[in-house]
Amino acid sequence: MSLRVVFMGTPDYGVPSLEALIQAGYDVAGVFCQPDKPSGRGKKITFCPVKQCAIAHGIPVFQPVKTRVDGVEPLRQLAPDLCVTAAFGHILSQEVLDIPRLGTVNVHASLLPKYRGSAPVNWALINGETVTGVTTMMTDKGMDTGDILMQRQVAVEPGDNAGTLVDRLARVGAELLIETLRAIENGTCPRRPQIEAEASYYPLLKKEMGVMDLGKSARQLCDFTRGMNPWPGAYAGAYKVLEARAEDWAGTEAPGTILKADAKQGLWIRAGEGALRVLRMQAAGGKPMNACDYLRGHQMEVGALIAPDKTDAE
RNA sequence: CGCGGGGUAGAGCAGUUCGGUAGCUCGUCGGGCUCAUAACCCGGAGGUCGAGGGUUCAAGUCCCUCCCCCGCAA
């Protein structure tokens with residue numbers, strides 16, 4: 001007899017895990033995700049990816065405002081053996097954690113205890129990691145502090161940004177989740193506490209964190225660009241940098257100076273060390289395009305500082 | 001009706017205010033120059049101006065309708 005499971009998640013990252021549970025034959029009694037919010041152009045209500053997936057499989061969906069308050073009763077009634085979370089976005093109280101008899105397993109997109117927090121993939125990229133991974137762990141009251149069950153490493157490819165990497169990690173995480181649950185059922189699942197001394201925590205990303213510090217090295221700005229895309233995006237002045245490369249540059253220009261800007265060579269911006277060569281970019285209100293394409297129709301003055309970052313509110 | 005930008009040559013844009021021969025940068029094709037080049041010079045091809053309707057002697061441009069794309073916001 002298969003376990004009765006309740007899945008909790010919201011964005012794309014959770015979908016592969018949910019699908020894996022269903023496909024592996026678990027009895028997914030219900031799905032929790034965050035309340036629907038108006039989003040998208042036109043401010044339409046859009047169902048989150050996890051909810052769409054649940055509906056497609058005919059699984060009941062619950063969307064508590066605060067799971068530790070109005071989610072308690074529904075969860076209790078579902079009487080799960082086990083809960084699985086994947087980027088759910090709600091902090092679970094002890095009361096909630098106590099409901100499933102086998103506990104709550106979280107699928108975290110980093111090699112814990114490194115990169116605890118809500119944006120592990122972004123930060124791993126920003127820090128220039130070449131290897132990251134996924135961890136299944138027992139959720140406790142802390143922020144990603146519970147005991148580690150299983151881990152799997154995933155290589156970071158040079159062409160990765162947060163979007164592509166999250167995607168890959170989500171799929172690996174789904175596999176690891178099933179492997180973990182099988183082991184739990186057999187009573188063979190490994191389990192070890194996290195080593196606090198090796199732990200690191202990184203905060204949730206905010207829109208304003210996307211502003212580039214052009215005083216940093218080109219290498220760092222490159223990693224920053226990868227980590228901040230597709231959201232919130234890495235901004236150099238008024239331009240969103242989608243893809244960039246670090247180039248050597250000897251010169252005394254101030255960071256932020258436009259070094260090259262034409263349809264042949266593309267856009268080069270002076271960094272604290274080296275030059276940031278912008279490959280793909282997006283101007284305010286415009287669509288994403290190659291820097292060379294952009295420069296065919298727009299003038300940028302070489303020698304000037306990059307863009308008047310139109311500042312304004314947030 | 002949340003706010004806003006846009007659809008013109010293969011790519012990126014200007015031209016629309018005030019209707020009057022379709023323009024720029026790049027690419028492409030041909031030729032030239034050069035030890036050489038992503039350099040430079042000369043020449044050519046390539047456009048139902050998102051779709052439909054209307055006004056007009058004349059519409060990319062003015063009026064109406066529709067389709068599509070994108071940014072903010074999340």
Side-chain angles (χ1 to χ4, degrees), chain A residues 8-15 32-55 61 63-67 86-91 117-119 121-122 161-163 166-167 203-212 225 227-245 247-251 258-269 275-304 306-314:
Chain A
M8 302 177 172
T10 301
D12 287 308
Y13 172 74
V15 173
F32 278 50
C33 63
Q34 294 202 22
D36 299 325
K37 290 177 213 159
S39 72
R41 202 170 295 120
K43 210 180 173 186
K44 289 171 291 224
I45 295 286
T46 317
F47 294 170
C48 67
V50 164
K51 179 172 178 179
Q52 289 180 27
C53 178
I55 290 173
V61 175
Q63 298 176 282
V65 175
K66 274 184 189 266
T67 300
F88 180 35
H90 276 181
I91 294 172
S118 306
V121 183
N122 305 84
N161 63 24
V166 163
D167 233 53
L204 184 64
L205 294 183
K206 295 204 174 88
K207 175 80 177 175
E208 59 270 24
M209 294 168 79
V211 179
M212 281 187 177
T225 298
M228 297 306 260
N229 278 301
W231 194 92
Y235 290 84
Y239 303 93
K240 184 193 273 188
V241 178
L242 301 177
E243 203 182 319
R245 223 161 63 190
E247 301 280 355
D248 291 329
W249 185 268
I258 296 172
L259 301 172
K260 303 182 180 186
D262 61 70
K264 296 259 168 67
Q265 305 176 95
L267 176 62
W268 293 46
I269 302 169
L276 187 70
R277 180 180 187 177
V278 179
L279 300 177
R280 283 176 58 72
M281 59 189 287
Q282 184 168 22
K287 56 183 168 186
M289 63 179 85
N290 295 325
C292 292
D293 290 339
Y294 180 81
L295 290 164
R296 284 192 188 98
H298 301 85
Q299 286 291 318
M300 288 181 83
E301 188 186 345
V302 173
I306 184 78
D309 51 335
K310 56 154 192 184
T311 319
D312 83 317
E314 273 310 327

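Side chains included, hydrogens not; waters and symmetry mates left out as well; all remaining heavy atoms used. Chain identifiers are assigned alphabetically (A, B, ...) following the order of the sequence lines, protein sequences preceding nucleic acid strands; residue numbering begins at 1 within each chain.
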For residues 294-303 of chain A, dump all side-chain donor-acceptor pairs below 3.5 Å to protein atoms at least two apart in sequence or in another chain.
| from | atom 1 | to | atom 2 | distance (Å) |
| --- | --- | --- | --- | --- |
| A:Arg296 | NH1 | A:Asp293 | OD1 | 2.4 |
| A:His298 | ND1 | A:Tyr294 | O | 2.9 |

Using atom [atom1] in both nucleotides, what's the gap between [N] and [M] to the nearest angstrom?
N      : M      : atom1 : result
B:rC26 : B:rU17 : C1'   : 29 Å
B:rU48 : B:rA9  : C1'   : 13 Å
B:rC62 : B:rG5  : P     : 15 Å

Non-neighbouring partners of [X] that pass side-chain hydrogen bond (donor to acceptor under 3.5 Å, both in side chains), sequence neighbours left out:
X        : answer
A:Lys240 : none
A:Gln34  : none
A:Asp36  : A:Lys51, A:Gln63
A:Ser118 : none

> Of all the choices, B:rG71, B:rA73, B:rC26, which nucleotide is nearest to the side chain of A:Gln282 once you look at every atom?
Replying inline: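 So the nucleotide nearest the side chain must be B:rG71.
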>> For a quick test of reading the model, state the closest non-hydrogen atom pair linking A:Thr67 to A:Pro64 and the distance between them.
In response: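 Between these two residues, the closest heavy atoms are OG1-CG, 3.5 Å.
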>> I need a per-nucleotide contact map over nucleotides 36-45 of chain B, read 5' to 3'. Cutoff is protein heavy atoms under 4.0 Å; write B for the base, S for backbone only, - otherwise.
In response: --SS------
For nucleotides 9-15 of chain B, which of its nitrogen or oxygen atoms have a protein nitrogen or oxygen under 3.5 Å away, and what is each distance?
| from | atom 1 | to | atom 2 | distance (Å) |
| --- | --- | --- | --- | --- |
| B:rA11 | O2' | A:Asp293 | OD1 | 3.1 |
| B:rA11 | O2' | A:Asp293 | OD2 | 3.4 |
| B:rG12 | O4' | A:Asp293 | O | 3.3 |
| B:rG12 | O2' | A:Asp293 | O | 2.9 |
| B:rG12 | O2' | A:Tyr294 | O | 3.4 |
| B:rG12 | O2' | A:Gly297 | N | 3.3 |
| B:rG12 | N2 | A:Arg296 | O | 2.9 |
| B:rG12 | N3 | A:Arg296 | O | 3.4 |
| B:rC13 | O2' | A:Gly297 | O | 3.0 |

> Can you list the residues that meet the salt bridge (Lys or Arg N to Asp or Glu O under 4.0 Å) rule with A:Arg277, with sequence neighbours excluded?
Replying inline: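 A:Arg277 satisfies salt bridge (Lys or Arg N to Asp or Glu O under 4.0 Å) with A:Glu247 once adjacent residues are dropped.
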>> For A:Asp167, give me all partners under salt bridge (Lys or Arg N to Asp or Glu O under 4.0 Å), at least two apart in sequence or on another chain.
In response: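 For A:Asp167 the salt bridge (Lys or Arg N to Asp or Glu O under 4.0 Å) partners, ignoring immediate neighbours, are A:Arg171.
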> For B:rG2, what is the paired nucleotide under Watson-Crick or G-U wobble rules, both distances under 3.5 Å?
Replying inline: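 Paired with B:rC72.
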>> Please name the nucleotide paired to B:rG43 by Watson-Crick or G-U wobble geometry with both distances under 3.5 Å, or report none.
In response: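 Answer to the pairing question: B:rC29, which forms a Watson-Crick or G-U pair with B:rG43.
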